[in-house]
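Heads up, the thing below is written out as structure tokens.
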Amino acid sequence: MAGTCTIVIPTYNEEINAPNIAKALRELYPDFQIMFMDDNSTDRSKQFIDELNDPLTKMVVRDPNDRGLAASVFQGILECGTDYFMTIDCDFQHPLHTIKGMYDKLEAGADLVIGTRDDRTAMGFKRWAGSWCFTIFANLFLLWHGKPRSKDNMSGLIAGRTSVYVPVIKENWDKLEMQGWKVLLDLLRWGPKDVKIAEEHYIFEKREVGESHISPKVPMMTLHQCGCFGRFLAKIYAKIKGIDYFYDD
């Protein structure tokens with residue numbers, strides 16, 4: 001019997017992209033659940049999703065005191081209730097056809113499937129260079145701790161078994177980086193060492209409409225996830241950029 005699957009999509013003010021991606025996903029994957037984890041949007045995102053009247057699609061409006069993209073994704077994984085979860089962006093930068101390959105790899109026995117970007121030029125030079133630098137730094141951190149690594153551990157396109165990662169999230173809730181964007185790094189850091197990992201290669205697309213929500217705080221929060229030395233670098237970066245380093249020492 002085929003495993004059930006929920007596609008978890010973090011959103012914030014995506015009233016155009018959200019219904020469009022919901023319709024596209026439903027056409028391609030009629031049996032999958034779609035769960036938008038809304039970070040307290042101020043536009044009509046929820047209204048437009050509700051108007052789709054799709055029993056397998058819903059938008060969860062989260063606690064306004066618990067904001068953060070990673071927090072949205074982790075909550076979605078905990079609440080999805082299916083055999084598998086997948087996380088994708090709402091802006092069509094993750095090609096929807098890759099979901100089938102990722103699902104097939106889970107069905108074949110993988111515990112975690114990572115969408116690996118073969119060409120990141122659509123990100124723009126700064127994000128492309130930063131992504132490669134953080135991947136190298138994060139892999140050194142994971143190697144030091146004997147944890148599995150990926151060619152693209154900054155990826156936001158992820159699929160996994162809920163039976164493996166729901167316990168990981170619950171047991172390490174207070175240690176997870178809730179404000180940041182890099183969910184995968186925490187799943188690799190706190191997950192089992194012997195996890196079975198597969199990769200699905202894809203080409204990163206340009207955002208269809210709307211603006212990116214990435215802020216200068218993202219590199220700081222990513223560095224913060226990488227141990228003592230990472231936190232040291234995060235503080236230096238925050239000082240250079242004039243960003244408030246809001247973590248407790």
Side-chain angles (χ1 to χ4, degrees), residues 1-12 14 17-39 41 45-46 48-63 66 68-115 155-173 176 178 181-184 186-188 190-191 195-198 200 202:
M1 183 175 178
T4 56
C5 182
T6 297
I7 301 174
V8 178
I9 309 175
T11 60
Y12 178 70
E14 294 282 6
N17 281 325
N20 287 340
I21 201 169
K23 293 174 185 176
L25 287 169
R26 179 58 60 231
E27 182 176 346
L28 292 170
Y29 309 103
D31 298 325
F32 286 10
Q33 295 187 37
I34 303 170
M35 181 185 291
F36 291 92
M37 302 301 295
D38 188 66
D39 216 0
S41 293
S45 295
K46 188 176 189 307
F48 289 166
I49 292 300
D50 290 345
E51 288 175 355
L52 294 177
N53 198 27
D54 180 352
L56 293 180
T57 299
K58 66 179 179 179
M59 177 168 283
V60 178
V61 178
R62 303 184 59 255
D63 184 347
D66 186 30
L69 182 144
S72 299
V73 173
F74 288 132
Q75 181 183 340
I77 294 172
L78 291 180
E79 295 184 6
C80 70
T82 49
D83 298 317
Y84 310 135
F85 67 86
M86 296 194 185
T87 69
I88 66 170
D89 290 344
C90 194
D91 54 14
F92 287 92
Q93 290 188 304
H94 296 144
L96 302 188
H97 64 81
T98 60
I99 290 175
K100 183 182 185 304
M102 299 177 79
Y103 177 83
D104 289 344
K105 287 178 170 62
L106 290 171
E107 287 282 88
D111 298 314
L112 183 68
V113 184
I114 301 170
S155 177
L157 179 59
I158 314 164
R161 294 182 181 274
T162 53
S163 61
V164 174
Y165 286 100
V166 164
V168 170
I169 294 170
K170 287 182 176 179
E171 292 168 10
N172 298 282
W173 185 262
L176 302 175
M178 297 300 183
W181 292 61
K182 305 311 176 188
V183 172
L184 176 57
D186 266 345
L187 293 182
L188 292 171
W190 301 111
V195 67
K196 298 177 182 177
I197 295 179
E200 181 74 14
Y202 73 100

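Remember, it's a predicted structure, so these values are computed and weren't measured experimentally.
Counting heavy atoms from C-beta on, the side chains of T87 and L157 never come closer than 4.5 Å. Contact annotation: the side chain of I99 approaches that of M86 to within less than 4.5 Å [non-hydrogen atoms, C-beta and beyond]. You'll find the side chain of V8 stays beyond 4.5 Å of the side chain of Q75, heavy atoms only. Residues M35 and I7 form no side-chain contact, since every pair of their non-hydrogen atoms from C-beta on lies 4.5 Å or further apart. Side-chain contact between K58 and V60: present, with at least one pair of heavy atoms (C-beta onward) separated by less than 4.5 Å. Here the side chains of W190 and I169 are not in contact, with every heavy-atom distance at 4.5 Å or above.
Applying the salt bridge (Lys or Arg N to Asp or Glu O under 4.0 Å) definition to pairs two or more places apart or across chains, those involving residues 95-115 are K100-D104, K105-E200, D111-R161.
Here the side chain of D83 pairs a donor or acceptor atom with the backbone of T4 at under 3.5 angstrom. Within the 3.5 Å criterion, the main-chain N or O of D89 finds a donor-acceptor partner in the side chain of H94. For the pair T162 (side chain) and T82 (backbone), a donor-acceptor distance under 3.5 Å is present. One N or O on the side chain of T98 and one on the backbone of P95 form a donor-acceptor pair closer than 3.5 Å. Under the 3.5 Å distance criterion, the side-chain polar atoms of Y103 are matched with a main-chain donor or acceptor of G3. Although no hydrogens or angles enter the test, the distance criterion places no donor-acceptor pair under 3.5 Å between the side chain of T6 and the main chain of I34.
At most 12 heavy atoms of other shown residues, nucleotides or ligands fall within 6.0 angstrom of atom CD in E27.
Looking at residues two or more places apart in sequence or on another chain, you find a ring-ring contact (aromatic ring centres under 6.0 Å, His included) between Y29 and F32. For Y165, there are no ring-ring contact (aromatic ring centres under 6.0 Å, His included) partners two or more places apart in sequence or in a different chain. Under the rule for a side chain to side chain contact (heavy atoms under 4.5 Å, CB included), N53 has no partner lying at least two apart in sequence or in another chain. Applying the ring-ring contact (aromatic ring centres under 6.0 Å, His included) criterion to F74, with sequence neighbours excluded, gives no partner residue. By the side chain to side chain contact (heavy atoms under 4.5 Å, CB included) test, S41 is found to be paired with Y12, N13, D38, D43, S45, residues two or more places apart in sequence or in another chain being considered.
Residue L56 comes nearest to R26 through the heavy atom pair CB-NH2, 3.2 Å, listed as atom of the first residue, atom of the second, then distance. Of all heavy-atom pairs between C90 and P10, the closest is CB-O, 4.1 Å. Of all non-hydrogen atoms in M102 and I114, the two that sit nearest each other are CE-C, 4.4 Å. For the residue pair L184 and S155, the shortest heavy atom distance occurs at CB-O, 3.8 Å.
The line from CZ of F36 to OG of S72 is 13.0 Å long, rounded to the nearest 0.5 Å. Note that the CD1 atom of I49 and the CD atom of E14 stand 10.5 Å from one another [nearest 0.5 Å]. With rounding to the nearest 0.5 angstrom, the CG atom of N17 is 10.5 Å from the OG1 atom of T11. Atom CG of L106 sits about 8.0 Å away from atom CG of L112, to the nearest 0.5 Å. Taking CD1 of I77 as the start and CE of M37 as the end, the distance is 10.0 Å to the nearest 0.5 Å. Once rounded to the nearest 0.5 Å, the distance linking CD of Q33 with CZ of F85 reads 14.5 Å.
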Pair L187, V195 - check side-chain contact (heavy atoms from CB on, under 4.5 Å), show working.
CA-CA 10 Å; L187 293 182; V195 67; over 6 Å; no
Step-by-step side-chain contact (heavy atoms from CB on, under 4.5 Å) determination, I9 to V73:
CA-CA 7 Å; I9 309 175; V73 173; over 6 Å; no
Step-by-step side-chain contact (heavy atoms from CB on, under 4.5 Å) determination, V168 to D186
CA-CA 10 Å; V168 170; D186 266 345; over 6 Å; no
Using side-chain contact (heavy atoms from CB on, under 4.5 Å), reason through R62 and D39 one step at a time and then give a plain yes or no.
CA-CA 6 Å; R62 303 184 59 255; D39 216 0; 3.3 Å; yes
